[in-house]
Q: 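Take a look at the following structure, please.
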Amino acid sequence: MNSSIVKRFITCINVHDSDELYALMTDDHLFIDSQGNEICGNKKAKQVWEAYFQLFPDYDIGISEIYGFDNLIVAFGKAEGTYLHIKSEENENYWCLPIAIKAMVKDFKIQLWQVYADTKIPYVIINRKIS
């Protein structure tokens, strides 16, 4: 049951539905990104997701494995996107990388969403475009 809530959350991410993401988060939702930055609260997390979807309009998570232990769910797969959806012949703004997700479910909502990934490539792309 809890893994289906995580799968639904991922589906909402993939279709960039921030309203449904918000509905699936607990009020005290905690989002921890791959750099260890913490975003507390469902309202703030919704804003962060909306900003991320602006940076990577084709952002997508593909899950190949998912495991549940009571209210703890872990998922493994890949994340991919194109910075500002600007494509070139070299496809220099596109990235795809392995991802692991740790999620805690409480009362049929996501209380914790923690991402583990080596995000060096997306940061290099962003910094190259800013420079």
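Side chains are part of it too, since the values below use all heavy atoms of this structure and drop only hydrogens, waters and symmetry mates.
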Q: In residues 102-113, what donor-acceptor pairs under 3.5 Å come from side-chain atoms, sequence neighbours left out?
A:
residue, atom, partner, partner atom, Å
Lys109, NZ, Ala23, O, 3.4
Gln111, NE2, Asp28, OD2, 3.1

Q: Name all residues meeting the side chain to side chain donor-acceptor pair (under 3.5 Å) criterion together with Glu65; count only those two or more places apart in sequence or in a different chain, and write none if there are none.
A: Tyr67
Q: How are the rings of Trp95 and Phe56 set relative to one another: parallel (under 30°), tilted (30 to 60°) or perpendicular (over 60°)?
A: perpendicular
Q: Decide whether Met25 and Phe53 are clustered together by the hydrophobic rule: side chain heavy atoms of Ile, Leu, Val, Met, Phe, Trp, Tyr closer than 4.5 Å, transitively.
A: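 Met25 and Phe53: one cluster.
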Q: Name all pairs fulfilling the salt bridge (charged side-chain N to carboxylate O under 4.0 Å, His left out) condition that reach into residues 30-39, sequence neighbours left out, sorted by first residue then second.
A: none
Q: Just jot down the side chain to side chain donor-acceptor pair (under 3.5 Å) partners of Asp27, sequence neighbours excluded, or say none.
A: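 Checked Asp27 against side chain to side chain donor-acceptor pair (under 3.5 Å); matches are Asn42.
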Q: So do Phe9 and Ile5 actually touch side chain to side chain, heavy atoms under 4.5 Å?
A: no
Q: Is it true that, when you exclude Leu72 itself, more than 12 heavy atoms of the residues, nucleotides or ligands shown sit nearer than 6.0 Å to its CG?
A: yes
Q: Share the residues that join Tyr116 in a hydrophobic cluster, the rule being Ile, Leu, Val, Met, Phe, Trp or Tyr side chains under 4.5 Å apart at the heavy-atom level.
A: none
Q: Applying side-chain hydrogen bond (donor to acceptor under 3.5 Å, both in side chains) as the test, list every pair that has at least one member in residues 70-80; sequence neighbours left out.
A: Lys78-Glu80, Glu80-Tyr94
Q: Under the salt bridge (charged side-chain N to carboxylate O under 4.0 Å, His left out) rule, collect the residues that match up with Lys43, sequence neighbours excluded.
A: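 Expected list: none.
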Q: Among residues at least two apart in sequence or on other chains, which ones pass side chain to side chain donor-acceptor pair (under 3.5 Å) with Ser18?
A: Glu50
Q: Mind checking who shares a hydrophobic cluster with Tyr123, ILVMFWY linked at side-chain heavy-atom distances under 4.5 Å?
A: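 Its cluster mates, by chain and number: none.
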Q: Go through the steps to decide whether Lys46 and Asp19 satisfy the test side chain to side chain contact (heavy atoms under 4.5 Å, CB included), and finish with yes or no.
A: CA-CA 8 Å; Lys46 180 184 179 194; Asp19 291 330; 2.8 Å; yes
Q: Please round to the nearest 0.5 Å and tell me the distance separating atom OG of Ser34 and atom CD1 of Ile101.
A: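 Atom-to-atom, Ser34:OG and Ile101:CD1 are 11.5 Å apart.
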Q: Do Asn37 and Phe31 touch side chain to side chain, with heavy atoms closer than 4.5 Å?
A: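 Asn37 does not reach Phe31 side chain to side chain.
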Q: Within the structure provided, determine whether Leu97 and Pro122 are in side-chain contact (heavy-atom separation under 4.5 Å).
A: yes
Q: Looking only at atom types and distance, does a side-chain atom of Asp60 sit under 3.5 Å from a main-chain N or O of Asn14, one as donor and one as acceptor?
A: no
Q: Any chain of hydrophobic side-chain contacts (each under 4.5 Å) joining Tyr52 to Ile61?
A: yes
Q: Mind checking side chain to side chain contact (heavy atoms under 4.5 Å, CB included) for Ser3 and listing every partner two or more places apart, or none if nothing turns up?
A: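 Counting only residues at least two positions away or on another chain, Ser3 forms a side chain to side chain contact (heavy atoms under 4.5 Å, CB included) with Ile66, Ile73.
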Q: Supply the atom-to-atom distance Asp58 CG to Leu84 CG, rounded to the nearest 0.5 angstrom.
A: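 Reported value, rounded in 0.5 Å steps: 10.5 Å.
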Q: Going by the rule ring-ring contact (aromatic ring centres under 6.0 Å, His included), which residues pair with Tyr22 if we only count those two or more places apart in sequence or in a different chain?
A: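 If we apply the ring-ring contact (aromatic ring centres under 6.0 Å, His included) test to Tyr22, skipping adjacent residues, there are no hits.
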Q: Show every salt bridge (charged side-chain N to carboxylate O under 4.0 Å, His left out) that has at least one partner inside residues 5-14, sequence neighbours left out.
A: Arg8-Glu20
Q: Only one of Asp118, Thr119, Ile125 forms a side chain to side chain contact (heavy atoms under 4.5 Å, CB included) with Ile121, so which one is it?
A: Ile125
